[in-house]
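All figures in this text were calculated on a predicted structure; none of them were measured in a lab.
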Amino acid sequence: MIFWTFLIAAILGYIVGHYVMPNRKLRQALQDVRKQCAAALEEGNKGVYKTIVTDNGKSSELVVEVRELAITKTGQVKVEYVSAQYRNPDFRTKKGEALLNEVRDLLGEYLPLNDIEWYETTDRHENIKKYLNSLDLINRNL
């Protein structure tokens, strides 16, 4: 009786350890990847806005990476500032959130649509959609 109990426990332990647990981990990993892909698709359009800033006889080009939040009927884009930098590092020394606050105060929340150089995201989005479809096929086969 003890022999059969150990044999059944060993077989059940093998099945749980080699089939059930890896599938649970794989399903969790697939869900995490699917969430990341959905977030990348919902991220929206990103682009770069460039302008010249002059202060006290000094000037520097300001390069700002923006994310589109909304477009108005008049051709203005409500933007969220992602990052910013001055081409001339001696012009201003602020960095990080302080620089983004300065840029927000300087440029405002709306920028002209035609002045923003948008990143091409159609190929990237198509690749993400294909990848999500392949994930769905893998998930169905589990």
Report task. Sorted by first residue and then second, give each salt bridge (charged side-chain N to carboxylate O under 4.0 Å, His left out) pair with at least one member in residues 73-89; sequence neighbours left out. Result -> Glu61-Arg87, Arg67-Glu80, Lys78-Glu109
Report summary line: Ser59 meets the side chain to side chain donor-acceptor pair (under 3.5 Å) criterion, sequence neighbours left out, with none
Query raised in the report: What pairs of residues pass the side-chain hydrogen bond (donor to acceptor under 3.5 Å, both in side chains) test when at least one of them lies in residues 4-16, not counting sequence neighbours?
Result: none
**Report entry** Worked check of side-chain contact (heavy atoms from CB on, under 4.5 Å) between Val64 and Leu111
**Finding:** CA-CA 11 Å; Val64 182; Leu111 296 174; over 6 Å; no
Requested in this report: Output the rest of the hydrophobic cluster of Ile8: all Ile, Leu, Val, Met, Phe, Trp and Tyr residues reachable through side-chain heavy-atom contacts under 4.5 Å, sorted by chain and number.
Outcome: Leu12
Query raised in the report: What distance separates Ile116 CD1 from Glu65 CD, expressed to the nearest 0.5 Å?
Result: 11.5 Å
**Report entry** Distance (rounded to the nearest 0.5 Å) between Gln85 CD and Ser60 OG
**Finding:** 9.0 Å
Query - side chain to side chain donor-acceptor pair (under 3.5 Å) partners of Thr72, counting only residues at least two apart - result: Thr74
Query raised in the report: Can you name the residues that form a side chain to side chain donor-acceptor pair (under 3.5 Å) with Asn45, not counting sequence neighbours?
Result: Glu68
Requested in this report: Could you identify which residues cluster with Val48, counting Ile, Leu, Val, Met, Phe, Trp and Tyr as linked when any side-chain heavy atoms lie under 4.5 Å apart, either directly or through a chain of such contacts?
Outcome: Val63, Tyr119
Report task. For residues 43-87, pull every pair meeting ring pair (Phe, Tyr, Trp, His ring centres under 6.0 Å), keeping only residues two or more places apart or in separate chains. Result -> Tyr86-Phe91
Query - Which residues share a salt bridge (Lys or Arg N to Asp or Glu O under 4.0 Å) with Asp32, sequence neighbours left out - result: none
Query - Glu97: partners by side-chain contact (heavy atoms from CB on, under 4.5 Å), with sequence neighbours left out - result: Leu100, Asn101, Arg104
Query - Side-chain cluster (under 4.5 Å, hydrophobic types only) that Tyr110 belongs to, other residues - result: none
Report summary line: Separation between CG (Asn114) and CD (Gln76), nearest 0.5 Å, reads 9.5 Å
Requested in this report: For Ile11, enumerate each residue passing the side-chain contact (heavy atoms from CB on, under 4.5 Å) test, keeping only those at least two apart in sequence or located in another chain.
Outcome: Leu7, Ile15
Report summary line: Tightest non-hydrogen contact, residues Val82 and Val66, listed as CG2-C, 4.2 Å
